[in-house]
Structures are given as structure tokens and as C-alpha cells.
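Worksheet: the structure to be examined is printed underneath.
Each ligand, and each atom within it, is numbered from 1 in the order the structure gives. Since the model is a prediction, treat every value here as computed from it, not as a measurement.
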Amino acid sequence: MSLKVLGISTSPRANGNSDRLLRQALAGAEAAGAQVEYVRLSDFKIGPCTECDGCYATGICVLRDDYERILSKMLDADRLIFATPVFFMSVCAQAKILIDRGQCLWAAKYLLKKTIAPKRPDRSAMVIALGGSKSKRMFESVRLTMKSYFDSLHVRYAANLFVNRVDNCGEIEQHAEAMKQAFRLGKELAAADTPATREPVDVELT
Ligand SMILES: Cc1cc2nc3c(=O)[nH]c(=O)nc-3n(C[C@H](O)[C@H](O)[C@H](O)COP(=O)(O)O)c2cc1C
């Protein structure tokens, strides 16, 4: 049975740079035989966490919107590819709203000691992030945020593809190395026999 790979494009810009890299990574996963699904976060209506603590008793978010729909996709996938532009040194606001709604996952795991995805123990994820500047430090926040999120989601943090100095819409297509690495990392992520490493595989390009 082929692995399911879900790619989540979080940028508000349609067909932007992180989106194009994500689709390249999904093409790599498909080449490895995976069943791939691409979603744009902006197609889901998801509000921010209201810190009502309603999930602390059940591990389930009490807000009713499209969050449940995207969460079930994430829990149903063997592999996740999460793509974000860097906005003010971190993930974009749209991505952060999704991540903060993960407080119910945190509650389930750490307060209630519940396992949220028992059918898929071997889940792993990759992050694609890029920004217009040459600052390498802009990925520090992305890395910390995603590590914390993936811990709550019960997925292993397998790889990063971080790219500097990509600004104008579509410019990433000129960055042959980034496109190549996205395909390669997507393919490796979807290869069931890839050995797990303790730290994420890092590819940082300028
Ligand atoms: C609100 C906003 C904040 C940004 N902040 C940063 C930043 O902190 N560092 C950086 O290198 N680029 C920053 N950028 C530039 C974007 O990361 C860059 O244009 C990127 O290519 C956008 O990717 P996308 O096409 O996938 O949305 C910012 C852009 C916007 C609109």
C-alpha cells in the first residue's frame, strides 16, 4: 500500500515561492510511489485559538470551523510537507493560526496522555520555508515552532528545506538547486525505508 503524503501550502500568495517548492516536493514524493494530496490553507476557514481551555478536558477543540477537516487530513497522512514563507522572522500568520489550534493536540498528548494517531506510528514531516533576505537566523523561529508543533502532532521532524533571498512571486523557479532539493527531499520523505535520524536533515540554500 502506498504512503499518503499531504502537502500544506500556507502562504497567502497564490502560486508563490513556497507553494511552488511544495509542489516540487510533492512531485518527488509521487515519483517515489506515494499517493499525494496538495491543499492550500487559504481554502479552509480557520479561526485562531481563543484560549478558552475547552480542549483540556477532552483533547478536542470546541470551535466549529474547517479546522477539524484539515486536522483529519493531517492525521490520515503518513507524511506531511508544510510550506511557509518567512514573515517577520517566523512562519506566516496563516500557518500560525493552524499551529495554535494544535493546542487541543497538546492537551490530548500532555494533559490527557491520549494517543491521537494510533494507526500510523511511523509518521514524519518536512518543512519548506523561504524568505527574501539573506539572514540565516530567520529560520530559527520556524524550526522551534515546527518542532513544538510536530511533537504535539506525533510526527517525527524529518527534514527542512530553507531558502534565502527569494522574494518576487515565482522567482524560486530560477533557483535550480532549490527546485532540485525540493524534489529530492520529497522523494526521500516518501521512501518508506529511509533511516530515521534523530535531528532533521537540513538543507539551507542562499
Ligand atoms: C508580511 C511580510 C513579512 C515578511 N517578512 C520577511 C522576513 O522577516 N524575512 C525575510 O527574509 N523575508 C520576509 N518577507 C518576504 C517573503 O518571505 C518573501 O517574499 C517570500 O518569497 C514569500 O514567499 P511566498 O511567495 O511563498 O509567499 C516578508 C514578506 C511579507 C509580505
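With Y38 as the aromatic partner, R23 meets the cation-pi criteria of under 6.0 angstrom to the ring centre and within 45 degrees of the ring axis.
Dense packing is recorded around CD of E171, with more than 12 heavy atoms of other residues, nucleotides or ligands lying under 6.0 Å away.
Q94 and L41 get closest at one heavy-atom pair: O-CD2, 3.2 Å. Counting all heavy atoms, side chain and backbone alike, A129 lies closest to F139 at O-CE2, 3.5 Å. Residue R184 comes nearest to V203 through the heavy atom pair NH2-CG2, 3.7 Å, listed as atom of the first residue, atom of the second, then distance.
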Polar pairs, ligand 1 vs protein, N/O only, below 3.5 Å.
from, atom 1, to, atom 2, distance (Å)
ligand 1, 5 (N), V86, O, 3.4
ligand 1, 5 (N), F88, N, 2.8
ligand 1, 8 (O), F88, N, 3.0
ligand 1, 8 (O), M89, N, 2.9
ligand 1, 11 (O), G132, N, 3.0
ligand 1, 11 (O), S133, N, 2.7
ligand 1, 11 (O), S133, OG, 3.0
ligand 1, 12 (N), G132, N, 3.1
ligand 1, 14 (N), V86, O, 3.3
ligand 1, 17 (O), V86, O, 2.8
ligand 1, 19 (O), D167, O, 3.1
ligand 1, 19 (O), D167, OD1, 2.5
ligand 1, 21 (O), N17, ND2, 3.0
ligand 1, 21 (O), V166, O, 2.6
ligand 1, 25 (O), R13, NE, 2.9
ligand 1, 25 (O), R13, NH2, 3.0
ligand 1, 25 (O), N17, N, 2.8
ligand 1, 26 (O), N17, N, 3.4
ligand 1, 26 (O), S18, N, 2.8
ligand 1, 26 (O), S18, OG, 2.5
ligand 1, 27 (O), S11, OG, 2.6

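By the 4.5 Å side-chain criterion applied to Ile, Leu, Val, Met, Phe, Trp and Tyr, L144 is assigned to no cluster and stands alone.
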